[in-house]
Amino acid sequence: MSTFSLDPGPDQIAVRDWLHGFAADVMRPAAAEWDEREETPWPVIQEAAKLGIYSLDFYAQQYFDPSGVGIPIAMEELFWGDAGIGLSIVGTTLAAVAVLANGTEEQIGTWAPQMFGTPDDVKVAAFCSSEPDAGSDVSALRTRAVYDEAKDEWVLNGTKTWATNGGIAAVHVVVATVDPALGARGQASFVVPPGTPGLSQGQKFKKHGIRASHTAEVVLDGVRVPGHCLLGGKEKLDERLARARERAAAAANGDAKGASGKGASGKNAAMATFEASRPAVGAQAIGIARAAYEVALDYARTRVQFGRPIIDNQGVAFTLADMKTRIDASRLLVWRASWMAANQQPFTSAEGSMSKLYAGETAKWVTAQAMQILGGNGFTREYPVERMHRDSAIYSIFEGTSEIQRLVIARTISGMPIR
């Protein structure tokens, strides 16, 4: 177990400064253009790939950093640059985390590199979980996966929505229901390889924020994937489903002990991915909040009204003090959860959800206060805070709404099935 420290070591500082330079010199000058275009910023992604920022090796190094804060530091700096472009650069990692969380070593080695491509031939990947009628309620997924034993293939049918990189990805990771009777416990994750017939892009969404990031529906119409594309393998899935059925039978027979046994059904495929990614998403929100705070602080120091800088007014100064305090508190929560995850410490109080909840709410509040401090200027596109405010809104919605995070925390600390 690594010793927890609030002082990043020289390696983390070097990465932070490197990414900060990329964010300042490459991402920020391009941010407004790609926000207006609402298109994937392929040239920026390719530049990141050439520098080694958009690569499996880079994210693996940060992911396996024993301090636990490699990923949070990277996310904060990139999203300080711009959230829309940042999500285009890191969106692939959600699919990669899905493979890491649910796949075998062989599957990780096969699919993770294909998600990124090469600097000369950049690829992206997509994680497909949400559906038109199933967002927060992952137990309601209708996308089905049926095993064709004669051909050792899985047949996928359904429609996914809100998929980052959906339809434009080389590799899609799809969460589907194998046994509908088991609800969320009857689900599994599947890799859909590049060029697989039957997968197509549906509606591309025009969004309020993070507009440089591609978000779309993914339609699965008789998609056939080889048996080895089931993450974790069929033997492990069959064992997990058998335990889940035993648990369901025990519950039906009133056997409370058997129904609630630890590890009876294993992790849900989608939730395993979200659990691993929530602190990183919180770090993204911190980057947005920090960027808006810095703009507001600089503006308050230089904007003169009634013969003095507006920061001389307590109303403005106290707001900036609260902004900075909430940003730093959010970072501490994210770093704690990230360190715990890196050291296999259980989230006994839903620390991962705490970090995402507080950081996401902080980003929305801080960016709103930044707009207020800039007054009318904050409402124009001449200044970046209105874009930052639009970008921040998603952080209380995706990868678990704030309400879902509170539900997870409440259930964890109480031990009760709160609804």
Side-chain angles (χ1 to χ4, degrees), residues 1-27 44-81 85-125 127 165 170-171 173 272-273 275-284 286-287 331 334-345 352 355:
M1 181 185 299
S2 66
T3 302
F4 182 73
S5 174
L6 294 176
D7 183 18
D11 291 342
Q12 289 90 356
I13 291 174
V15 170
R16 181 196 66 191
D17 293 346
W18 174 46
L19 293 177
H20 187 83
F22 176 79
D25 298 338
V26 179
M27 296 175 69
V44 183
I45 299 174
Q46 187 167 33
E47 183 67 20
K50 288 179 178 178
L51 293 173
I53 295 170
Y54 184 75
S55 71
L56 176 61
D57 287 345
F58 172 73
Y59 289 110
Q61 288 173 11
Q62 306 316 309
Y63 185 84
F64 292 109
D65 183 335
S67 73
V69 300
I71 286 290
I73 287 174
M75 294 292 179
E76 181 175 337
E77 293 306 322
L78 290 173
F79 282 71
W80 172 89
I85 295 176
L87 196 56
S88 291
I89 292 174
V90 308
T92 292
T93 62
L94 186 58
V97 167
V99 174
L100 287 169
N102 301 295
T104 64
E105 289 187 10
E106 183 179 357
Q107 289 171 327
I108 294 169
T110 298
W111 299 114
Q114 295 187 47
M115 294 180 173
F116 293 88
T118 67
D120 294 324
D121 186 19
V122 171
K123 305 293 184 183
V124 294
F127 178 68
N165 297 331
V171 177
V173 178
T273 301
E275 286 171 12
S277 65
R278 278 172 178 160
V281 175
Q284 296 172 10
I286 294 167
R331 187 180 298 108
V334 165
W335 281 24
R336 178 184 67 169
S338 300
W339 177 86
M340 291 176 69
N343 289 278
Q344 290 81 51
Q345 299 295 304
S355 68

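Nothing fancy with the numbering, it's 1 onward along the sequence.
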Participant: Of all heavy-atom pairs between Q284 and V90, which one has the smallest distance, and what is that distance?
Facilitator: NE2-CG2, 3.9 Å
Participant: Measuring only between side-chain heavy atoms, which start at C-beta, is E76 closer than 4.5 Å to V334?
Facilitator: no
Participant: Under the 3.5 angstrom rule, does the side chain of T92 hit a backbone N or O of A125 as a donor-acceptor pair?
Facilitator: yes
Participant: Does the side chain of S88 come within less than 4.5 Å of V44's, by heavy atoms?
Facilitator: no
Participant: Can you check side-chain hydrogen bond (donor to acceptor under 3.5 Å, both in side chains) on D65 and S67, steps first, answer last?
Facilitator: CA-CA 5 Å; D65 183 335; S67 73; 3.0 Å; yes
Participant: Would you check if the side chain of Q345 reaches a backbone N or O of N343 as a donor-acceptor pair within less than 3.5 Å?
Facilitator: yes
Participant: Atom CG in L56, atom CD in Q114: separation rounded to 0.5 Å?
Facilitator: 11.5 Å
Participant: Taking G9's backbone N and O only, do any of them form a donor-acceptor pair with Q12's side chain (distance below 3.5 Å, no angle check)?
Facilitator: yes
Participant: Grab the two heavy atoms, one from P119 and one from A49, that are nearest each other, plus how far apart they are.
Facilitator: CG-O, 3.7 Å
Participant: With sequence neighbours excluded, what pairs up with D121 under the salt bridge (Lys or Arg N to Asp or Glu O under 4.0 Å) test?
Facilitator: K123
Participant: So which heavy atom on A283 is nearest to which on M75, and how close?
Facilitator: CB-CB, 3.9 Å
Participant: Looking at G352 and P279, what are the two nearest heavy atoms and their distance?
Facilitator: CA-CG, 4.3 Å
Participant: How long is the gap from OG1 on T93 to OH on Y63, to the nearest 0.5 Å?
Facilitator: 10.5 Å
Participant: Would you say that L87 contacts F79 through its side chain, given a criterion of any heavy-atom pair below 4.5 Å between the two side chains?
Facilitator: yes
Participant: Compile the donor-acceptor pairs under 3.5 Å between side chains in residues 13-25 and protein atoms, sequence neighbours left out, one pair per line.
Facilitator:
residue : atom : partner : partner atom : Å
H20     : ND1  : E77     : OE1          : 2.8

Participant: Partners of W335 by ring pair (Phe, Tyr, Trp, His ring centres under 6.0 Å), sequence neighbours excluded?
Facilitator: none
Participant: Would you say Y59 and I71 make side-chain contact, with heavy atoms under 4.5 Å?
Facilitator: yes
Participant: Look up atom CD in Q62 and atom OG in S338, then write down how far apart they are to the nearest 0.5 Å.
Facilitator: 12.0 Å
Participant: CD of E47 to CD1 of I53: how many Å apart, nearest 0.5 Å?
Facilitator: 8.5 Å
Participant: If we only count heavy atoms from C-beta on, is the Y54 to V124 side-chain gap below 4.5 Å?
Facilitator: yes
Participant: Rounded to the nearest 0.5 Å, what's the gap from CD1 on I108 to CG on N102? Could you check?
Facilitator: 9.5 Å
Participant: Between CD of Q61 and OG of S55, what distance do you get to the nearest 0.5 Å?
Facilitator: 7.5 Å
